[in-house]
2 protein chains.
Amino acid sequence: MVRSDARENRARILAAAREALAADGSTSMNQIGQRAGVGAGTLYRNFPTRDDLLLAVYEAEVERIVAAVPSLLDLHAPLEALRRWTLDLVAAMRAKHGLGDALGSVAHQAANDRSHGPVIQAISTIFEAGKADGSIRRDADPGDFLQFTSALWRAASAPDDRAPGMLDLLLDGLRAR
Amino acid sequence: MVRSDARENRARILAAAREALAADGSTSMNQIGQRAGVGAGTLYRNFPTRDDLLLAVYEAEVERIVAAVPSLLDLHAPLEALRRWTLDLVAAMRAKHGLGDALGSVAHQAANDRSHGPVIQAISTIFEAGKADGSIRRDADPGDFLQFTSALWRAASAPDDRAPGMLDLLLDGLRAR
DNA sequence: ACCTGAACACCGTTCAAGT
DNA sequence: ACCTGAACACCGTTCAAGT
């Protein structure tokens, strides 16, 4: 039986972490604990490791974005839906700012692994629609496309946001000839 | 006047850092100092910040790679030279392993800024050769290409190295029609 | 002019003691 | 059953004292 205060604490920690990390990706665990109004022990009971906490915040964000796919496909042609969805993804990543970079290399890999399934699913859905109507080449691979988005959100944090131009180049590579 | 022991110390620190960081990107400053046989103060006199040290190691590596361009262009057609050069770049980054991920977001940006000039120069040289002989489209942008390489070396550290296939997709996008 | 290494503030994490 | 918060080992960085 989970005590109600325990359930509340978990939610409070996640909310505090989401806010604090968006502002500064290197916010310390103890700072997050204080902000959430819980002791360090409680923090670590819920998230045994700093990376576990970062991952949980990251995961919630990914889920939100993935959920947007179906309505985009209802409103736009596949390539256009892909363009908009990818720009949304990049914008969200940019807003999250420090989060991606705060993850160490191992945790970053773990984040990719966990989000891999849902995100690949999202991209595949769009690709399939494009292959069905002949606008996207048949050998286009969702996995490759996903990898490239990491370059896009790095480009998006530069002073001159190159992401849109780079994305167009990518989409050109996907278009059926 | 720079004392000879001071000059030696700087070199010893850089060497120790290069070796230690290749093995483990999170090696601590004090560990590097001990390995180099210098006190913490000496370490910080030469590199006022952990990121300064990481950056110096990173920079040396980039210089080595950039220097390889002319001979590649002597031996291969532009697109093939670009393919080989990029795979070399990715392999070197992979060997450096933790280094790229150990840099915080700010330092990572600084690293990109500093290496940007020389690396863009290298890519531009190859692009110009390709535009001259008609194998590379005229609107191809070296800056965009550079951004994509970051996605490649992330892909290269996955169990199934997707970098070669992804690179071929990219080169397809650059080819003149 | 340069070096050493103890010391400082703070980090992620643990664990005894409480309720 | 869950919580608090002092404590631990260690981090990046500083600075008095030496040569």
Side-chain angles (χ1 to χ4, degrees), chain A residues 1-21 23-58 98-108 110-111, chain B residues 1-21 23-58 98-108 110-111:
Chain A
M1 190 53 191
V2 181
R3 268 170 29 181
S4 64
D5 55 345
R7 218 177 19 246
E8 267 175 41
N9 277 336
R10 188 168 215 281
R12 281 233 299 277
I13 292 169
L14 262 178
R18 174 166 41 241
E19 291 165 24
L21 292 172
D24 175 11
S26 67
T27 308
S28 79
M29 289 297 270
N30 289 342
Q31 279 166 0
I32 291 173
Q34 260 182 336
R35 205 179 157 126
V38 303
T42 301
L43 183 52
Y44 279 87
R45 169 187 300 281
N46 284 279
F47 304 97
T49 263
R50 170 168 231 271
D51 282 346
D52 286 325
L53 178 54
L54 292 175
L55 249 51
V57 173
Y58 184 86
L99 230 175
D101 281 323
L103 287 165
S105 57
V106 173
H108 206 122
Chain B
M1 190 53 191
V2 180
R3 268 169 30 179
S4 65
D5 56 344
R7 217 175 22 243
E8 267 176 41
N9 277 337
R10 188 168 215 281
R12 282 233 297 278
I13 292 169
L14 262 178
R18 175 167 40 241
E19 291 164 24
L21 292 171
D24 175 11
S26 68
T27 309
S28 79
M29 289 297 269
N30 290 341
Q31 279 166 0
I32 291 174
Q34 260 183 337
R35 206 180 157 123
V38 303
T42 301
L43 183 51
Y44 279 87
R45 169 188 299 281
N46 283 280
F47 304 97
T49 262
R50 170 168 231 273
D51 282 346
D52 287 324
L53 178 55
L54 292 175
L55 249 50
V57 174
Y58 184 86
L99 231 175
D101 281 323
L103 287 166
S105 57
V106 174
H108 206 122

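Proteins get letters first, then strands, A, B, ... in listed order; numbering begins at 1 in each. Just so it is clear, the structure is predicted and the values come from calculations on it, not from any experiment.
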Euclidean distance, atom CZ of residue B/Phe47 to atom P of D/dG12 [Å, nearest integer] |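 Interatomic distance, CZ of B/Phe47 to P of D/dG12: 15 Å.
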In whole angstroms, how far is the C1' atom of D/dT4 from the CG atom of A/Asn9?
->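 It is 11 Å, rounded to the nearest whole Å.
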Of the nucleotides [options], which has the atom closest to the [X] side chain?
{"X": "B/Thr42", "options": "C/dG12, C/dC3, D/dG12", "answer": "C/dC3"}
{"X": "A/Ala40", "options": "D/dG5, C/dC2, D/dC2", "answer": "D/dG5"}
{"X": "B/Met29", "options": "C/dC2, D/dG12, C/dT4", "answer": "D/dG12"}
{"X": "B/Asp5", "options": "D/dC2, C/dC2, C/dG12", "answer": "C/dC2"}
{"X": "A/Ser28", "options": "C/dA6, C/dC3, C/dC11", "answer": "C/dC11"}
{"X": "B/Ala6", "options": "D/dT13, D/dC2, C/dC3", "answer": "C/dC3"}
{"X": "B/Tyr44", "options": "C/dT14, D/dT4, D/dT13", "answer": "D/dT13"}

Nearest heavy atoms of B/Ile32 and B/Ala20, plus distance in Å =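 The answer is CG1-CB, 4.5 Å.
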Give a yes/no answer on whether the side chain of [X] brings an N or O atom under 4.0 Å of OP1 or OP2 in [N].
{"X": "B/Arg45", "N": "C/dC3", "value": "yes"}
{"X": "B/Thr49", "N": "D/dT13", "value": "yes"}
{"X": "A/Asn30", "N": "C/dC11", "value": "no"}

Checking all strands, does A/Gln34 fall into the base, sugar-phosphate, or nothing category for heavy-atom contacts under 4.0 angstrom?
->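 No contact.
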Just checking A/Gly37: base, sugar-phosphate only, or nothing, at a heavy-atom cut-off of under 4.0 Å?
->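 Sugar-phosphate contact only - A/Gly37 comes under 4.0 Å of backbone atoms but never of a base.
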Residue among B/Asp52, B/Asp51, B/Asn46 satisfying side-chain contact (heavy atoms from CB on, under 4.5 Å) with B/Pro48 |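 Going through B/Asp52, B/Asp51, B/Asn46 one by one, the side-chain contact (heavy atoms from CB on, under 4.5 Å) with B/Pro48 is satisfied by B/Asp52 alone.
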Test item: A/Asn9 and A/Arg12 side chains (from C-beta on) under 4.5 Å apart, heavy atoms |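 The answer is yes; the side chains approach within 4.5 Å.
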Minimum side-chain heavy-atom gap A/Leu14-A/Phe47 below 4.5 Å |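 A/Leu14 vs A/Phe47: side chains touch.
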